[in-house]
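By convention in this document, chain letters (A, B, ...) are assigned in the order of the sequence lines, proteins followed by strands, and residues within each chain are numbered from 1.
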Amino acid sequence: MNLESSIQSIVKDAVSKLYALEVELAQIQIQKTRKDFKGDLTVVTFPFVKAAKKSPEATGQEIGEYLQANNGLITGFNVIKGFLNLNISKNYWLQLLNKIRSADNFGYNMDGDCEIMMVEYSSPNTNKPLHLGHIRNNLLGYSIAQIQQANGWKVVKTNIVNDRGIHICKSMLAWKLFGNGETPESSGLKGDHLVGKYYVEFDKAYKAEVKALIEKGMTEDDAKKSAPLIQQAQQMLVAWENHDPEVYALWEMMNGWVYAGFDETYKQLGVDFDKIYYESRTYLDGKAKVEEGLRNGVFYKREDGSVWADLTADGLDEKLLLRADGTSVYMTQDIGTAALRYNEYDIKKMVYVVGNEQNYHFQVLALLLDKLGFEWGKDLVHFSYGMVELPEGKMKSREGTVVDADDLISEMIDTACETARELGKLDQSSEEEIEKIARMVGLGALKYFILKVDPKKNMTFNPKESIDFNGNTGPFIQYTHARIKSVLRKVDELNIATDVPVTENLPLSDKESNLVQLLSLFPAIVREAGQEFSPAVIANYIYELVKEYNQFYHDFSILREENPELKYFRIVLSAAIADAIKKGMYLLGIDVPERM
RNA sequence: GGCCCCGUGGCUCAACUGUAUAGAGCAUCUGACUACGGAUCAGAAGGUUACAGGUUAGAAUCCUGUCGGGGUCACCA
């Protein structure tokens, strides 16, 4: 039983004996005492004042006296308004630190039954390079996989690549028409950027055609449909579906360039996948599954031959699943991919990391999968995250306001490198080491910046101001870790044994016991982050821990402390905190350096 | 228009399973290295939590309405 629940039950006894009031344990609020008040834990006494028929202060006083008499760990208390602040014995915190140290993998809750959770994230189209929006997706997806793993799930990270469709044909067509055989090798351009370039070329040429047609008197709608380029692209899609050898070869070659480009970006970003699905191979399964649903009467066919799902009974609309010509739509493909995954893995929980503009889509998908008999369909998690906006609004590829992923990553690393040199931090390090650290710090800044924000919310990203390295940032946390490691290296040189428990009856300051208390919350935070699907919960916790530690570090000496046992306690505390920082950042997909 | 989400100091974010003086960081101003790492620490200034009602002992948080912003309502993915 932990301290909080034992206090809860004593409070229950107290109000029962003192005021003949029976309350549920869960209703008794115990919280960490707020910063500006004296104490470790706080009991909220307002719910009891009515029964007590006394002022909140008097009630708090009475309950406080009862608690102190009945729990040896409570060494004192004070009452402010209706808040009963309890002081907990310093020895309790010392013992707790020993427990934390000896805990097996402290912070991670690996006692689950290890069932499979599949996390789908990234899911790019193969017609243009990744941008800032994908970065948020990738970081969230990777981090949530790490977090769920730390909560006892066996996580399978997966990616569904949108490698077919009209958008790919546009790039292909433009390359064929204007490319002059340009390749990544011949131009030195990264594959995905090269293909993206032709996607833009297509758009330009297409718009020019449309404009010309409108000037000849055509309506805009007609012009858009009858422009030669779009018609050619559509023909190309049909040819692709019929496996026309020439088109297929072109498609394979250009997709190959894009994959190589994406792999590079993923590697830079430090994310990976256990299993990659390609839409070009799953869309046919979707059709099969829909036809099965049609036979079972789950879906129905209209006169023109198109297949629909009627969700009006569930408060939604009717949804198209197969076009009249038998070709599939987005939803069909998601059903197909689901079917394939369901056959390949014993999935207990399916998580889709997809932007919140698709909330409706996933609401529908959950219903459809359920109707089709997928056990996890109804409970699928749409990990819906907000958009990344620029100060001037949404990113728009047409207006060239898209922040490219590769550019951003390398800028971050460059900035980290410059900053390190300016500060003269790494004068003794080799070039290779500097590069390695700059990468960690630059990426750490980017990742933390994005992950510290509640994923559900839209966020603003200002590329000009770039990302700070001071304050509530990744580097701030990394710095603290490096600093502790530096102290620990000295400890090592001094040959201080660090494998024995800390002793009791030390004159701990409130700052120190508070740090132990904060540290002890780590496992609960990891659990909460898993339940809430929120890396931000971990990011904010680590920040708080680090901030507290830095204050301690500033105000107290570690190695110069004269009392050897207290000195040892501080070493152990620092090491435990460095460990928690590292583990927490690991869950965010952020590396922490030994020095920086 | 229907449905969904959001509105917190100049800026970026916390707190949103109700509870103390609404917390941080950036930017601004002022301090702290003969110290274990100054990418740090301390302090100042800056908010009637969009607005108006309601529920409550207690509301940024819950309810209703208004205003403002975003998303979605495709035989695009």
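With A77(B), A24(B), G70(B) as the candidates, the nucleotide lying closest to the side chain of Y543(A) is A24(B). Side-chain atoms of D304(A) lie closest to C75(B) of the nucleotides C36(B), A77(B), C75(B). Which of G25(B), A57(B), A77(B) sits closest to the side chain of K547(A) comes down to G25(B). Which of A14(B), A20(B), C36(B) sits closest to the side chain of L559(A) comes down to C36(B). Closest to the side chain of N472(A), out of G25(B), A77(B), A35(B), is G25(B). Side chain of K452(A), nearest nucleotide from C75(B), A77(B), C13(B): C13(B). Which of A57(B), A39(B), G71(B) sits closest to the side chain of F469(A) comes down to A39(B). Closest to the V453(A) side chain, of the nucleotides A14(B), A20(B), G37(B), is A14(B). Side-chain atoms of P475(A) lie closest to A39(B) of the nucleotides A39(B), G70(B), A14(B). Set against A57(B), U21(B), G37(B), the side chain of Y553(A) has G37(B) as its closest nucleotide.
A482(A) comes within contact range of at least one nucleobase, with a heavy-atom separation under 4.0 Å. Among the protein residues, Q358(A) comes within range of the nucleic acid bases, having at least one heavy atom under 4.0 Å from a base atom. If you check every strand for non-hydrogen atoms under 4.0 Å, Q478(A) touches nothing. Contact annotation for T460(A): backbone-only contact, meaning every heavy-atom pair under 4.0 Å involves sugar-phosphate atoms and none involves a base. When heavy atoms are screened at a 4.0 angstrom cut-off, V441(A) is found touching base atoms of the nucleic acid. Across all strands, M596(A) comes closer than 4.0 Å to base atoms (heavy-atom distances). When heavy atoms are screened at a 4.0 angstrom cut-off, N85(A) is found touching base atoms of the nucleic acid.
C33(B) and U48(B) have their C1' atoms separated by 43 Å, with the value rounded to a whole Å. One C1' atom belongs to C16(B), the other to C11(B), and the distance between them is 22 Å to the nearest Å. Taking atom P on both nucleotides, G7(B) is separated from G46(B) by 25 Å, rounded to a whole Å. Remark: the separation of the C1' atoms in C67(B) and A22(B) is 24 Å, to the nearest Å. To the nearest whole angstrom, the two P atoms, one in G23(B) and one in A15(B), are 14 Å apart. Rounded to a whole angstrom, the distance from the P atom of A52(B) to that of A59(B) is 15 Å. G18(B) and U55(B): their C1' atoms are spaced 12 Å apart (whole Å). Nucleotides G25(B) and A45(B) have their C1' atoms positioned 16 Å apart, rounded to a whole Å.
Within the structure, a side-chain polar atom (N or O) of N550(A) is placed less than 4.0 Å from OP1 or OP2 of C41(B). Checking the phosphate oxygens (OP1, OP2) of U40(B), a side-chain nitrogen or oxygen of N470(A) falls inside 4.0 Å. Of the side-chain N and O atoms in K457(A), one or more sit less than 4.0 angstrom from OP1 or OP2 of A14(B). For the OP1/OP2 pair of A77(B) and a distance below 4.0 Å, the side-chain nitrogens and oxygens of Y330(A) include no atom meeting the criterion. Here R323(A) reaches the OP1 or OP2 of C76(B): one of its side-chain N or O atoms lies under 4.0 Å away. Between S306(A) and C75(B), a side-chain N or O to OP1/OP2 separation shorter than 4.0 Å is absent. Residue K35(A) places no side-chain N or O under 4.0 Å from the OP1 or OP2 atom of U21(B). A close approach under 4.0 Å does not occur between any side-chain nitrogen or oxygen of K485(A) and OP1 or OP2 of G37(B). In this structure, R483(A) reaches the G38(B) phosphate: one of its side-chain N or O atoms is under 4.0 Å from OP1 or OP2.
Within 6.0 Å of the CD atom in E24(A), the count of heavy atoms belonging to other residues, nucleotides or ligands does not exceed 12. When the shell of 6.0 Å around CD of E4(A) is examined, it contains more than 12 heavy atoms from other residues, nucleotides or ligands. Q231(A) CD: more than 12 foreign heavy atoms inside a 6.0 Å radius. Other residues, nucleotides and ligands place more than 12 heavy atoms under 6.0 Å from the NZ atom of K32(A).
Separating the CZ atom of R595(A) from the P atom of G38(B) is a distance of 16 Å, rounded to the nearest angstrom. The NZ-C1' distance, from K38(A) to A20(B), rounds to 17 Å in whole Å. To the nearest angstrom, P of A39(B) lies 12 Å from CZ of F476(A). In this entry the distance linking CD1 of I484(A) with P of G37(B) reads 12 Å, nearest Å. Rounding to whole angstrom units, CD of residue Q551(A) and C1' of G37(B) are separated by 18 Å. Residue F83(A) contributes atom CZ, which lies 11 Å from atom C1' of U21(B) at whole-angstrom precision. Rounded to whole angstrom, the span from the NE2 atom of H361(A) across to the C1' atom of C73(B) amounts to 15 Å. The separation between F362(A) atom CZ and U72(B) atom C1' is 14 Å, rounded to whole Å.
Where I80(A) and D468(A) each meet RNA chain B at their nearest nucleotide, the meeting point lying more 5' is that of I80(A). Comparing A536(A) and R560(A), the nucleotide of RNA chain B nearest to each residue sits closer to the 5' end for A536(A).
The closest side-chain donor-acceptor pair between R302(A) and S306(A), if any, does not fall under 3.5 angstrom. With hydrogens and angles left out, the side-chain atoms of D163(A) and S280(A) include a donor and acceptor closer than 3.5 Å. For the residue pair T126(A) / N255(A), a side-chain donor-acceptor distance below 3.5 Å is found, with atom types taken as modelled.
Taking 3.5 Å as the limit, the base of A20(B) and the side chain of T42(A) contain a donor-acceptor pair of atoms between them.
The partner of G53(B), taking Watson-Crick or G-U wobble pairs whose two distances both stay under 3.5 Å, is C63(B). Pairing for A39(B) is absent, judged as Watson-Crick or G-U wobble with the two contacts each under 3.5 Å. Remark: U17(B) base-pairs with no nucleotide; criterion is Watson-Crick or G-U wobble with both hydrogen-bond distances under 3.5 Å. Summarising the base pairing, A24(B) is matched to U12(B) through a Watson-Crick or G-U wobble pair whose two defining distances lie under 3.5 Å. In this structure G46(B) sits in no base pair that meets the Watson-Crick or G-U test at under 3.5 Å. In this entry C3(B) has G71(B) as its Watson-Crick or G-U wobble partner, both defining distances falling under 3.5 Å.
The aromatic rings of Y330(A) and H361(A) sit parallel to each other, their planes meeting at less than 30°, with 60° as the upper class boundary.
Cation-pi contact between R164(A) and Y283(A): present, with separation from the ring centre below 6.0 Å and deviation from the ring axis of at most 45°.
Atom CG in L559(A) sits 9.0 Å away from atom CG in L488(A) (nearest 0.5 Å).
Base orientation for C33(B): syn, the chi torsion being within 90° of 0.
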